[in-house]
Amino acid sequence: MNSRASPTHNPKAPFRPAPRRARAAITTLAIAGTALCGGARADLPGAAPQGLQLFFDRTGIIGTLDVAGPVNEQGAFFQSLGTNGRTCGTCHVASQAMSVSTTQIQLRFAQTRGQDPLFAAVDGANCPNARTGNAADHSLLLSHGLIRIFLPLPANAQFSVSVVDDPYGCAMVPGANGAQPVISVYRRPLPTTNLNFLSTIMFDGRETHVPLSNGQTFLANLNTDLTQQALDAITIHAQAAQPPTASQLADIVGFELGLFSAQIYDEDAGPLSAHGATGGPVNLAGQLYYPGINDSLGADPTGAAFNPASMTLFAAWTNLQAGDGNFLEEYQDAQRRKIAAGAALFGSAPVQISNVRGLNDNAALGHPSTFTGTCTTCHDTPNVGNHSFPLPLDIGTGHSALPSLEPDPNIAAGLAELSMPNLPVYLISGCPNPFNPGQPESFYTTDPGKALISGLCSDFNRGKGPILRGLAARAPYFHNGSAADLNELVNFYNQRFQMNLTEEQKEDLVAFLNSL
């Protein structure tokens, strides 16, 4: 195991933000172009670790730290190991928190007239028969940052699938030589950073070949899973004619495990590690983690009770006192208090949880029809934000927003807050209703989630919640890019889970999420 993999595993003030044009006078940052990382590079005053890269994003500066030192741009991660010109860095860019944003996708399409390897027809288009340079054939990637994932229907499927709406003509196609039909779903590229905190590999868990739920085997299993994931990515996404070598795979995985990304500077609050706060990638690299830490279902292996107030990065900012009349300090302190207030809400604002596969049908919870939780019920890993044990959930974002197809009014209200992509819609038949045992149910979905891997009715629409660090640099959000920004994301949760947030509370939550 590469030695770089181990640093994380040691057992409301009334002040209102100024207009953005006024903020430009507050920040003094140097800009330098960078070809490798696809964004404007930023510099902060003072010394920084050699492996720290800084880039401007929507609300300030994102930092990506390579704990091994300066990035080796000749490494296998940046090499074309397939036949279509793609590298790992095609979809995983440091300036976008090691994912890729729609803003940069659109820029790359315009600059290359659709010739960039990102738009390879195999999965960088709505369907594989895409015409090179035709924006309409790449509309889902351009508008929502979605890559096509094509998966065979499991041979052991407990359900049947039929297509209700097929806007692009390849929703479900026959398998080669009589094999199982192939279903197309469309998902955002997950970040290849902060991987030391993972409990599941890929949105649907398909690359979790050995479990990541035991502290004794975690590092070895993580290396095994990521090695297979890299192999499959090169074979499928880069269309490699021959597999990469073991040394190339080891180089890719070692590089990925050394990366930590987080927001480091906020255009309103200033440095996110000032006055006792612990934001930024350097602090993140030292964050304590083990599988099951702070598990919200009570299974922390140390026996520690779940603490919903697990996002403590900005606790020191809760009671910042007014400054000495210095305009800049008072302005930044006001925003710091908003960020701290948002962090407190993340662990305390009541969330009414109902019709969530993975929770309301969970035997460990007693199959409750509804119960009150917090954001950290699903995002329990301290200062990271994913779930520390595998817990794929169906919160409703994979449901269809087509009229009359969504029976749950809370889910429908949540979806109405989003910029939903125009995706194929599938009718799933033959499954029991998980909330009314013994009663059959047919339902509609744009992404069956983990069920396309396991074949189980109980896994329908379920997927993992991603790590929340570096959000400001990698819009849009959710697996299908349906939240164009964090305002839409917060509005979705507010409606979906009846949070009854005030406008000020929504602003505080967005400020906090942008600071991660």
Side-chain angles (χ1 to χ4, degrees), residues 7-10 12-13 44 48-49 52 54 57-65 67 97-98 191 193-198 259-290 293-294 296 304 306-320 332-349 374-388 465-474 477 486 489-490 505-516:
T8 64
H9 301 282
N10 300 318
K12 295 228 175 30
L44 289 173
L52 181 62
L54 303 174
D57 60 26
R58 290 184 173 192
T59 64
I61 296 175
I62 181 72
T64 290
L65 171 69
V67 297
M98 301 308 293
T193 184
N194 303 328
L195 302 184
N196 292 271
F197 306 109
L198 289 179
L259 297 180
F260 296 86
S261 297
Q263 196 77 353
I264 196 170
Y265 189 96
D266 181 82
E267 62 185 354
D268 290 321
L272 293 168
S273 57
H275 298 286
T278 55
V282 175
N283 287 315
L284 179 59
Q287 175 66 43
L288 173 67
Y289 174 78
Y290 53 84
I293 186 172
N294 198 44
S296 61
F306 167 60
N307 180 6
S310 59
M311 288 295 199
T312 59
L313 298 167
F314 307 110
W317 287 355
T318 301
N319 297 309
L320 282 178
Q332 291 182 329
D333 283 350
Q335 183 64 12
R336 289 165 182 157
R337 288 191 292 270
K338 285 185 68 66
I339 291 171
L345 282 168
F346 196 82
S348 64
T374 65
C375 297
T376 48
T377 300
C378 303
H379 302 278
D380 61 14
T381 305
N383 296 327
V384 176
N386 61 330
H387 205 286
S388 61
I467 288 169
L468 299 182
R469 302 304 294 267
L471 287 174
R474 53 182 172 93
Y477 308 104
L486 291 173
L489 182 144
V490 168
Q505 288 175 322
K506 291 179 188 178
E507 290 176 6
D508 292 348
L509 272 172
V510 169
F512 163 64
L513 294 171
N514 271 320
S515 301
L516 290 174

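Just so you know, residue 1 is the first one in the sequence shown, and it goes up from there.
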Exercise. Got a second to check how far M98's CE is from R474's CZ, nearest 0.5 Å?
Worked result: 12.0 Å
For this session: Looking only at non-hydrogen atoms, find the nearest pair between H387 and S296 and report the distance.
Result: NE2-OG, 3.2 Å
For this session: Looking only at non-hydrogen atoms, find the nearest pair between G465 and N386 and report the distance.
Result: O-CB, 3.5 Å
Problem set entry | Closest non-hydrogen atom pair, N283 against A277 | ND2-O, 4.5 Å
For this session: Taking all heavy atoms of L509 and all of G342, pick out the closest pair and write down the distance.
Result: CD2-O, 3.4 Å
Problem set entry | L489 and V510, any side-chain heavy atoms less than 4.5 Å apart | no
Exercise. Do N294 side-chain atoms and P382 backbone N/O form a donor-acceptor pair below 3.5 Å?
Worked result: no
Exercise. Is a side-chain donor or acceptor of R58 paired with a backbone partner of A472 at a separation under 3.5 angstrom?
Worked result: no
Exercise. Any side-chain heavy-atom pair from S261 and R469 closer than 4.5 angstrom?
Worked result: no
For this session: Measure the shortest side-chain to side-chain distance between P281 and I264 over non-hydrogen atoms and say whether it is less than 4.5 angstrom.
Result: yes
For this session: Mind listing the closest non-hydrogen atom pair of I339 and S515 along with its distance?
Result: CD1-OG, 3.1 Å
Exercise. Under the 3.5 angstrom rule, does the side chain of W317 hit a backbone N or O of Q335 as a donor-acceptor pair?
Worked result: no
For this session: Look up atom CG in N514 and atom CG in L486, then write down how far apart they are to the nearest 0.5 Å.
Result: 5.0 Å
Exercise. Which one of N194, L195, N196 satisfies the side chain to side chain contact (heavy atoms under 4.5 Å, CB included) criterion with L198?
Worked result: L195
For this session: Mind checking side chain to side chain contact (heavy atoms under 4.5 Å, CB included) for A343 and listing every partner two or more places apart, or none if nothing turns up?
Result: F512
Exercise. Should I467 and P191 count as side-chain neighbours, where that means a heavy-atom distance under 4.5 Å?
Worked result: no
For this session: To the nearest 0.5 angstrom, please state how far the CZ atom of F346 sits from the OG1 atom of T374.
Result: 8.0 Å
Problem set entry | From CZ (R337) to CD (Q332), nearest 0.5 Å | 12.0 Å
Exercise. Roughly how far, to the nearest 0.5 Å, is OG1 of T59 from CD of Q263?
Worked result: 4.0 Å
Exercise. Can you name the residues that form a side chain to side chain contact (heavy atoms under 4.5 Å, CB included) with A473, not counting sequence neighbours?
Worked result: D57, I62, A97
For this session: Quick one: closest heavy-atom pair of S310 and T376, and the distance?
Result: OG-CG2, 3.4 Å
Exercise. Is it the case that T312 and N383 place a side-chain donor and acceptor less than 3.5 Å from each other?
Worked result: yes
Problem set entry | Pairwise distance CG(L513) to CG(L471) - rounded to 0.5 angstrom | 6.0 Å
For this session: Could you tell me how the ring of F260 sits relative to the ring of F197: parallel (under 30°), tilted (30 to 60°) or perpendicular (over 60°)?
Result: perpendicular
For this session: Check whether any side-chain N or O of T381 sits under 3.5 Å from a backbone N or O of S388 as a donor-acceptor pair, and report yes or no.
Result: yes
For this session: Measure the shortest side-chain to side-chain distance between L516 and L313 over non-hydrogen atoms and say whether it is less than 4.5 angstrom.
Result: yes
